[in-house]
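To start, the structure itself, in structure tokens.
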Amino acid sequence: LPLHDLKNAYLTCDRIATELGLSPSDFRGCAGVGDELLKRGFDGDRDRLLAWWRIEKVRFARAETGAPPSR
């Protein structure tokens with residue numbers, strides 16, 4: 001997957017896990033996405049991944065719901 005798609009898959013996994021929970025097979029798939037994103041997108045730096053995730057999870061949720069940004 002292109003990096004942009006990998007990031008979207010990671011955020012989708014996070015949202016589903018938070019709202020619905022994940023089956024064991026979904027968990028394995030999402031764990032693989034997370035591992036790949038950590039390697040390719042953040043050079044193995046978990047702190048950078050977490051910093052990105054904290055910001056992007058809010059933007060991703062707003063984009064999915066069509067909610068305006070908060071001020």
Side-chain angles (χ1 to χ4, degrees):
L1 286 174
L3 187 57
H4 179 266
D5 292 341
L6 194 59
K7 287 180 175 182
N8 280 336
Y10 183 85
L11 293 169
T12 298
C13 283
D14 176 65
R15 182 125 187 225
I16 292 169
T18 300
E19 293 178 1
L20 304 172
L22 295 172
S23 70
S25 63
D26 288 339
F27 177 81
R28 283 189 296 278
C30 287
V33 167
D35 290 343
E36 187 67 17
L37 179 59
L38 180 63
K39 286 183 223 170
R40 287 183 34 210
F42 299 96
D43 299 319
D45 187 332
R46 289 187 189 281
D47 291 333
R48 282 181 48 218
L49 171 65
L50 288 173
W52 167 83
W53 168 75
R54 285 182 184 114
I55 293 167
E56 292 301 317
K57 71 177 182 170
V58 174
R59 289 184 191 165
F60 186 77
R62 285 188 186 129
E64 281 194 334
T65 63
S70 61
R71 296 184 183 242

* Which residue pairs satisfy the disulfide bond (SG atoms under 2.5 Å apart) criterion with at least one member in residues 8-54, sequence neighbours excluded? ->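 Disulfide bond (SG atoms under 2.5 Å apart) check on residues 8-54 returns Cys13-Cys30.
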
* Side chain to side chain, Ile16 and Thr12, heavy atoms closer than 4.5 Å ->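 Of all side-chain heavy-atom pairs linking Thr12 with Ile16, at least one is under 4.5 Å.
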
* According to a 4.5 Å side-chain heavy-atom criterion applied to Ile, Leu, Val, Met, Phe, Trp and Tyr, with indirect links allowed, do Leu50 and Leu6 form part of one hydrophobic cluster? ->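 They do share one cluster, since a chain of ILVMFWY contacts under 4.5 Å joins Leu50 to Leu6.
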
* Treating Ile, Leu, Val, Met, Phe, Trp and Tyr as nodes and any side-chain heavy-atom pair under 4.5 angstrom as an edge, say whether Tyr10 and Leu22 lie in one connected cluster. =>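 Cluster IDs for Tyr10 and Leu22 differ.
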
* For residues Phe42 and Arg48, report the shortest heavy-atom separation together with the two atoms involved. =>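 So the minimum-distance heavy-atom pair works out to O-NH1, 3.3 Å.
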
* Which pair of heavy atoms, one from Leu37 and one from Leu3, lies closest together, and at what distance? ->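 For Leu37 versus Leu3, the nearest heavy atoms are CD1-CD1, 3.8 Å.
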
So, taking the atom named [atom1] in [X] and the one named [atom2] in [Y], what distance separates them when rounded to the nearest 0.5 Å?
X	Y	atom1	atom2	value
Lys39	Leu49	NZ	CG	13.0 Å
Leu38	Asp43	CG	CG	9.0 Å
Asn8	Arg15	CG	CZ	12.5 Å

* Taking only residues at least two apart or on different chains, which pairs with a member in residues 19-40 satisfy ring-ring contact (aromatic ring centres under 6.0 Å, His included)? ->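 Counting only pairs at least two positions apart or across chains, no ring-ring contact (aromatic ring centres under 6.0 Å, His included) contact touches residues 19-40.
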
* To do: Apply side chain to side chain contact (heavy atoms under 4.5 Å, CB included) to Asp5 and list each qualifying residue two or more places apart in sequence or on a separate chain.
  =>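 Partners of Asp5 under the side chain to side chain contact (heavy atoms under 4.5 Å, CB included) test: Leu1, Pro2.
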
